Amino acid sequence: MSVTLDIRLKRANKVYREGEAVAGVIVLACKEPLQHHGISLSMEGVVNLQLSSKSVGVFEAFYNSVKPIQLISSNIEVAKAGKIPGGKTEIPFEFPLHTKGNKVLYETYHGVFVNIQYSLRCDMRRSLLAKDLSRNCEFIVHCQPQKAKVAPTPVNFTITPDTLENTRERSLLPKFLIRGHLDATHCVISQPLTGEVVLENSDVPIKSIELQLVRVETCGCAEGYARDATEIQNIQIAEGDVCHGLSIPIYMVFPRLFTCPTLETTNFKVEFEVNVVIVLHDDHLITENFPLKLCRV
Amino acid sequence: TAGCPFHHRPSASRSRGRNYEAELQRCRPEVALVEFGDYHPLKPIMVTDTKTRHGARKGSTSSSSSSSSSVPPDPLSSMLDGTDPLSMFAAASASETPAISRSRKEKEEEAVGADFEPWSSKRGEILARFTTTEKLSINLFMGSDRGKAPSPGSSAVSEKVRTRLEELDDLEEGSQRELLNLSQQDYANRIEELNQSLKEAWASDQKVKALKIVIQCSKLLSDTSVIQFYPSKFVLITDILDTFGQLVYDRIWSMCSDPRPLPDSFTVDDVNDTAKETCLNWFFKIASIRELLPRLYVEAAILKCNRFLNKSGIQETLPRLTAMIKGIGDPLVAAYTRAYLCRVGVEVAPHLKDSLNQNFFDLLGTFRQIGGESVRKQLALQRVEAPEYLTLYSPAISWILQCIAYRAPEDYVNCAEIWVEFTCRHFTKREVNTILADIIKHMTPDRAFEDAYSQLQSVIRKILTYFHDFSVLFSMERFLPFLDMFQKDSVRVEVCRSIMEIFIKHQLDLTRDPVILNAMLHICKTMHDSVNALTLEDERRSLALLIIGFIRMVSFGRDFEQQLSFCVEARATFCNLEPVLVQLIHTVNQLAMETRRVMRGSHSRKTAAFVRACAAYSFITIPSLSSIFSRLSLYLLSGQVALANQCLSQADAFLKAAVSILPEVPRSISVEGKLRSSESFLLDFTNNFLAMLLVVPDHPEHGVLYLVRGLLNMVQDYTWEDNSDAKVRVYVSALPLLAAMGQETYVYSVPKVDSNETLYGGDPKFLSEINKLCETLIGQILDHLKVLGRDEGTRRQGALAFSLFGVLLAHGDLRNNKLSQLAVNLWNLSHKHGHCEPRVSVRTLEFVKHQAQQPDMSHLSDTVQRLTLQSRT
């Protein structure tokens, strides 16, 4: 006897804000009437922190102290023990998205060392002979719009052999001049990162220009902290020996879930940076780093 | 649930518009309507495990690794859980599918009309044209591409994490496939297989795999090895992209087909949230594709899907994608990417011209790359010559231009107007001809040229600026057809006029080039035919001048017969413009004289016949002129030419004709718009005519001095103005002729023509005829002098008397006492009323005295004695 259990949210995009109600239906479908011992639904929001492997050795002492931070948690009984008829049964539900005390609902974020996730879980308890059924459904929380409105300030950059740091043999570098700008480094998360880059001249052909979006996650407490930068995505904006003097657009959409408004709390931080990476023909890398501040409006 | 494919059509008949499907729908019981969160018995039961793995670590979302199945929150797979739209599509009744696809086709035809040459018709041509015998290869990395090109981001990421992630990727799905040594046909087959796999993957709900196939195929387009095959490769691979674009669009479209299919003209408001979310997910997924070229191609492939999200999506996306192409370093790859973008752009939104234009301008902006080092190296490596390389661009550029030009005759002609200058400056007539052909092709439908005369004229002006060699100009076979587009009379004549002006200015050498002659005749005929009764005199004159300019440049060299037949043709063509006819007669006369020169005065049988033909030409052309003085002078001139060519009867005919039309000369004629007395013109003519008569031998069948008598008779009968001495002046002028005719040797003669001196050999009968005639004339003159004395005409009397005195002095034999006495009397008469200019009298007297010094002239001293100077006092 087959039975399916499903949670369907009303909103197709599953995005909710604090104060709104997470609404939907629990869908039960079975061919014949079904006996159960009660159906419950729970909502949970958790921040999971993880220490990077390189940090573990150093901060072993406080490894255990990095435990999940609960943001929200509630539980309701959907149906008492009983029987559901054969066919499709829909049980509507609604959870108000409210925090207790002075807790803040951070925006959903899927990272490497920091994960902020919200989910609904539906459990159907059944008799000893049949397995309990359970269904999980993630929903997405967007934080409240930030009121402070920042006018975009363009950030200009010029890259030549002379502007580079970390170069051992500056004299061996070919000559080049790269100019460009980002329209803003204080970015609205729902809008793309934009700007332009111009290869004014270069002695050697270039191979590629790329935009590397980097997350910088910091986990820590009083005893110390671990800070790790990892790549989220790498977007190529130029390929091959591009025409000199031509303005090449910088354009990158901030991926959903993997980015969130820049976040700073007492226990952890999530920040973002973008690298403009120029790959020369001999795979020589030239990187210009820009810290970003993301916000939601 | 099925929709009617025709429900959006307005009803054409008088009957009530019916939507049977909708009516049927309304008749069905409510229960049949499926609500949100539907359950369908046919839908496969899917339990997708979305339990979050807390241990999952994510290195990157780039296309290569994000698709890893170990990562549940992948944006693409997350949209696949639960309400799979494809299953919903499958659940829809099978019968509606053909209806949907049919209405879809109709809609596409609305976007670009049947007048747009579709891509499908170019495909075959490109595939057939760009072929290779070299071996091809296909490189597909269905999983990670990190092994090949290490991501440059390593500096930012801890090395350990990276390595582990890469290992994971490779382990799980690093299925690299490299197909080498493929023939062209193998290659096409392989690509078609991929196309099939794409469809299969899609049908079996493997959306991620489908996307990967498309990404990998797009990547093949950055590979320019075996470059001569690139255009064909583009064709094959964009087929796959088209398939993909259509699959995605159809799928999202079908998600909105509940309860009934979306109308073709749907708006964002008609699209449900689920469909929007799915669509958005596709765009997010594509935005994260690591490499530029696949990202561009795949987003372009689903451009149409923007319709589901917002009104301005397509409008905003096209310029962005256009700008992104600037990042493609290889100019050929970039050109084809532009062609593809234009292709989807024009299909989806043909009205958005800006991006099409921008693509073209950007293409031009990067044109210099073609000569750059990277391209040179590549060509050297592949042993491809630059000209062959350039032809690889033509399908792409021609497609882009076709898109730009579509239904845009105005835009088109503005571009063409500029282009033609570029082409004229840097290319040969062949390319200019191609442009002309193209302009004709674009401007002919719907008589689009009517709104573009100024641009088309400018095209002609530019061509004329650069092409002064008319044999080159007219050898462009589309040049005259181009002129045919100027169908408004005033414009057409203006264009012809500008061509003629350049011709006259720059054609320095005489020509017989048949190409030039045909074309110029055509142009001149156009100008000539524009003349009608309303044409202003100025306009006629200037047109005639231009045509004359052309006629004067025509020369067939020694081929005189050809030249004459040209004149015959020209006469027929330009019969309405008198100055042109006059010129033609001059040309023919000149031709006869040229023949004479070549023959050194002695005609052969053949050349004699030819010059007679010339005379005949003039003889029959002259009567068609309306200006009497043109006729007179041309008769005289042609008579002289005929005589010079020993055509005696022709010369006679001309002169007789001239004499016979003398009575027709009106008393006044219009000269430059003013009415003036014709008398002085007539006198000039008769004097010229008389001078000619000296050398014209008498006709054997007519009497002595037949022509002289004829002329004098006509002069006598002519209705001269009242109170005019003109007739008598002619008589006075005739006297020197008669005197000259009596000489033993004439003062001038025509070579190889016997004048009367030879014919008569000083025959006394002939001389006495002359004398009789002289006496008659002098008698007439004296009668007239008497009349003048009576009628207060003393001033005229004096002048006339003095001129007769002059003639007698110069030509008369004053040894004859009677004549001497007459001379003295005339002198006195002319001085009688003191109207004589004393200085003239004094000088005359001095001349006579001087003459008297000459041998045999001593008798004049007696006469001088009797000539006295009188003063009025």
Side-chain angles (χ1 to χ4, degrees), chain A residues 2 4 6 8 10-13 25 27 29 48 50 52-54 87-88 90 110-112 115 117 119 136-138 192 205-206 208-210 212 214 228-243 246-249 251-253 255-258 273 275 277 279 283 285 287, chain B residues 36-37 39 45 47 50-52 54-55 57-62 66 73 75 78 82-83 150-158 160-161 222 272-278 280 283-284 287-293 295 320 323-324 326-331 333 362 365-366 368-369 372-374:
Chain A
S2 73
T4 59
D6 201 3
R8 296 224 179 129
K10 244 181 192 167
R11 291 187 186 167
N13 63 4
V25 285
V27 183
N48 277 299
Q50 190 97 30
S52 71
S53 53
K54 81 169 183 198
K88 194 168 83 173
E90 291 187 358
H110 294 194
V112 178
N115 265 288
Q117 268 182 304
S119 60
N136 225 322
C137 168
E138 182 175 2
I206 65 153
S208 182
I209 302 178
E210 292 162 12
Q212 186 185 37
V214 171
D228 292 282
T230 48
E231 176 184 297
I232 301 174
Q233 67 177 11
N234 193 350
I235 296 288
Q236 186 188 41
I237 58 167
E239 181 188 23
D241 184 14
V242 289
C243 200
L246 212 60
S247 145
I248 295 164
Y251 183 90
M252 180 168 68
V253 175
R256 298 194 293 189
L257 302 178
F258 304 106
E273 292 175 356
N275 290 322
V277 184
V279 190
D283 285 335
L285 295 181
T287 304
Chain B
F36 178 74
Y39 169 78
I45 291 160
V47 178
T50 60
K51 202 171 84 178
T52 312
H54 291 285
R57 288 186 181 177
K58 189 78 184 62
S60 163
T61 64
S62 66
S66 66
S78 69
T83 56
S151 165
S154 43
S155 58
V157 187
S158 91
K160 228 173 175 178
V161 172
S222 62
N272 64 46
D273 286 348
T274 318
K276 274 183 189 157
E277 188 58 22
T278 308
L280 204 56
F283 281 109
F284 269 106
S288 71
I289 296 174
R290 198 191 100 74
E291 278 167 281
L292 174 62
L293 200 65
R295 194 166 65 247
R320 176 169 58 79
M324 279 165 68
K326 291 189 207 165
I328 300 174
D330 187 300
V333 175
D362 285 353
T366 54
R368 59 193 143 111
Q369 277 185 297
E373 200 183 339
S374 294

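All of these numbers come straight from a predicted model, not from anything done at the bench. A, B, ... follow the sequence lines: proteins, then strands. Residue 1 opens every chain.
- Minimum heavy-atom separation, B:T366 to A:L246: CG2-CD2, 3.4 Å.
- Shown are B:R295, B:M324, B:K326; of these, the side-chain contact (heavy atoms from CB on, under 4.5 Å) with A:I237 is made only by B:R295.
- Rounding to the nearest 0.5 Å gives a distance of 11.0 Å between CD of A:Q233 and CZ of B:R290.
- Interatomic distance, CG of A:D241 versus CD of B:Q369, reported as 6.5 Å (0.5 Å rounding).
- With respect to A:R256 and B:E277, a salt bridge is recorded, a charged nitrogen being found less than 4.0 Å from a carboxylate O.
- Put simply, OG on B:S374 and CD1 on A:I206 are 10.0 Å apart, with the number rounded to the nearest 0.5 Å.
- Considering CG of B:L292 and CD1 of A:I209, their distance stands at 10.0 Å, rounded to 0.5 Å.
- The distance from atom CD1 of A:I235 to atom CD of B:E291, rounded to the nearest 0.5 Å, is 10.5 Å.
- The CG atom of B:D273 lies 12.0 Å from the NZ atom of A:K10; values are rounded to the nearest 0.5 Å.
- Heavy-atom pairs under 4.5 Å with chain B peak, among A:P205, A:G240, A:P249, at A:P249.
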